[in-house]
Q: 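Would you mind keeping the following structure in view while I ask a few things?
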Amino acid sequence: MASIFTRIINGEIPAAKVYEDEQTLAFLDVAPASRGHTLVICKQELPTLLDLPPELLAAVSRTVQTVARAITESLKPDGLNIVQNNGTAAGQRVHHYHVHIIPRWEGDHAMSYWRPGESTPDELREVAAAISARLGEGDSA
Ligand code: AMP
């Protein structure tokens, strides 16, 4: 079954569109965290960051920057959060790759953040080694 975002692309359900090109589409989030909260999607229905070929990732990134500039110039926020969820455990509810642009104003409390944790230098080195080993970079220490 097509994702809700593919149905927007196909014109089957309405959306407040702000930008479109061959590979990407940007429209307002229907349940905005703040005024101007925008979603940038790749038109090809792929679930997560890990599924995107580099050229599509680049196309989405370009659109994110283009739209972020337009939001900044038109709505004059004090800042922007760029949020991108991958997988249900990470809060992804629509499994069609998308990036959130969330304009922010001082003191708006529009988003909550992660709880800063604790780690030891040894733990950090161990985790970095596990990741970098998959990248062929060797020990990052
Ligand atoms: P995520 O949790 O990262 O998958 O975010 C999905 C986002 O899609 C949520 O912020 C929803 O409010 C938004 N959303 C779901 N359906 C629609 C729709 N029909 N039009 C615009 N935004 C939508």
Side-chain angles (χ1 to χ4, degrees), residues 1-138 140-141:
M1 198 178 98
S3 79
I4 191 143
F5 293 166
T6 294
R7 295 179 64 205
I8 287 173
I9 293 165
N10 293 340
E12 292 164 25
I13 54 174
K17 296 181 185 176
V18 299
Y19 178 84
E20 182 167 11
D21 61 25
E22 201 180 321
Q23 292 174 305
T24 70
L25 175 68
F27 52 92
L28 297 187
D29 195 297
V30 76
S34 67
R35 183 165 181 260
H37 179 169
T38 300
L39 302 175
V40 176
I41 68 171
C42 61
K43 290 184 175 176
Q44 192 177 339
E45 187 173 331
L46 297 166
T48 75
L49 173 73
L50 305 184
D51 302 300
L52 261 68
E55 62 276 11
L56 262 190
L57 192 57
V60 173
S61 295
R62 274 196 302 273
T63 298
V64 167
Q65 190 184 53
T66 299
V67 173
R69 283 190 174 128
I71 288 172
T72 299
E73 288 163 10
S74 58
L75 304 182
K76 313 275 188 218
D78 299 316
L80 298 167
N81 287 111
I82 303 299
V83 178
Q84 202 274 302
N85 302 321
N86 296 281
T88 305
Q92 185 178 14
R93 289 162 290 175
V94 177
H95 297 275
H96 180 151
Y97 182 78
H98 58 280
V99 177
H100 297 255
I101 305 174
I102 304 176
R104 298 297 306 275
W105 285 267
E106 296 291 350
D108 65 11
H109 305 293
M111 277 185 53
S112 55
Y113 297 89
W114 64 84
R115 196 176 57 247
E118 289 179 7
S119 193
T120 64
D122 279 349
E123 283 170 342
L124 295 178
R125 262 193 294 275
E126 182 190 323
V127 175
I131 298 168
S132 60
R134 299 295 302 188
L135 297 167
E137 303 283 348
S140 66

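Just so it is clear, the values below take in all heavy atoms, side chains as well, and ignore hydrogens, waters and symmetry mates. When a ligand or atom number is given, it counts from 1 through the structure's own listing order.
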Q: Looking only at protein heavy atoms, which one is nearest to atom 1 (P) of ligand 1, and what is the separation?
A: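 Ranking protein heavy atoms by distance from atom 1 (P) of ligand 1, first comes His98 NE2, 3.2 Å.
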Q: Hey, does Leu39 have a side-chain heavy atom less than 4.5 Å from the side chain of Phe5?
A: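 In short, these two side chains touch, coming nearer than 4.5 Å.
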Q: Take atom CD in Glu20; do more than 12 heavy atoms of anything else shown fall under 6.0 Å from it?
A: yes
Q: Starting from atom 4 (O) of ligand 1, locate the nearest protein heavy atom and write down its residue, its atom name and how far away it is, to 0.1 Å.
A: Arg93 N, 2.7 Å
Q: Counting only nitrogen or oxygen atoms and a 3.5 angstrom limit, does His37 reach ligand 1?
A: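 In fact, backbone or side chain, His37 has no N or O that close.
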Q: Under 4.0 Å, heavy-atom basis, I'd like to know which part of Asp29 is in contact with ligand 1: side chain, backbone, both or neither.
A: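 Looking at Asp29 and ligand 1, atoms from backbone and side chain both fall under 4.0 Å.
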Q: Can a side-chain donor-acceptor contact be found between Gln23 and Asp21 if the only test is distance below 3.5 angstrom?
A: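 Looking only at side-chain atoms, Gln23 and Asp21 do not form any donor-acceptor pair under 3.5 Å.
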Q: Enumerate the atoms of ligand 1 whose separation from the nearest heavy atom of His100 is less than 4.0 angstrom.
A: 1 (P), 3 (O), 5 (O), 7 (C), 10 (O)
Q: Does the Glu45 side chain pair with the main chain of Ser3, one donor and one acceptor, at a distance under 3.5 Å?
A: yes
Q: Does an N or O anywhere in Phe5 fall below 3.5 Å from an N or O of ligand 1?
A: no
Q: Of Leu28, Val94, Ile8, which has the heavy atom at the shortest distance from atom 15 (C) of ligand 1?
A: Val94
Q: Between ligand 1 and Pro14, is the shortest N or O to N or O distance under 3.5 Å?
A: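 Checking ligand 1 against Pro14, no N or O pair falls under 3.5 Å apart.
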Q: With heavy-atom distances below 4.0 Å as the criterion, list the atoms of ligand 1 near Asn85.
A: 1 (P), 2 (O), 3 (O)
Q: Which of the numbered atoms in ligand 1 are below 4.0 angstrom from a heavy atom of Ala31?
A: 12 (O)
Q: Would His95 and Thr88 count as a side-chain contact (heavy atoms from CB on, under 4.5 Å) if you check the C-alpha gap in whole Å, the side-chain angles of each, and the deciding distance to 0.1 Å?
A: CA-CA 8 Å; His95 297 275; Thr88 305; 3.4 Å; yes
Q: What do you reckon, does Gly91 put a non-hydrogen atom under 4.0 Å from ligand 1?
A: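 Yes, Gly91 has a heavy atom closer than 4.0 Å to ligand 1.
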Q: Does the pair Asn86 and Leu50 meet the rule for a side-chain contact (heavy atoms from CB on, under 4.5 Å), with working shown?
A: CA-CA 9 Å; Asn86 296 281; Leu50 305 184; 5.9 Å; no
Q: Are any of the heavy atoms in Gln84 under 4.0 Å away from ligand 1?
A: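 It does not, in that no heavy atom of Gln84 comes within the 4.0 Å cut-off of ligand 1.
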Q: For His95, state whether at least one heavy atom is located under 4.0 Å from any atom of ligand 1.
A: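 Judged by the 4.0 Å heavy-atom criterion, His95 does not count as contacting ligand 1.
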Q: Has the side chain of His96 got a donor or acceptor atom that lies under 3.5 Å from a matching backbone atom of Cys42?
A: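 Yes, the answer is positive, given that a donor and an acceptor are paired below the 3.5 Å cut-off.
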Q: For Val60, is there any backbone N or O sitting under 3.5 Å from a side-chain donor or acceptor partner on Thr24?
A: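 It does not hold such a pair.
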Q: Do Thr63 and Tyr19 make a side-chain contact, defined as non-hydrogen atoms from C-beta onward lying under 4.5 Å apart?
A: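 Yes, side chains in contact.
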Q: Any idea which protein heavy atom is nearest atom 17 (C) of ligand 1, and the distance to it?
A: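 For atom 17 (C) of ligand 1, the nearest protein heavy atom is Val30 CG1, 3.7 Å.
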Q: Can you list the atoms of ligand 1 that are under 4.0 Å from a heavy atom of Leu39?
A: 8 (O), 13 (C), 22 (N)
Q: Donor-acceptor check, side chain of Asp29 to backbone of His37, threshold 3.5 angstrom: yes or no?
A: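 Pair absent, no side-chain N/O of Asp29 close to backbone of His37.
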Q: Please say whether Gln92 places an N or O atom under 3.5 Å from an N or O atom belonging to ligand 1.
A: no
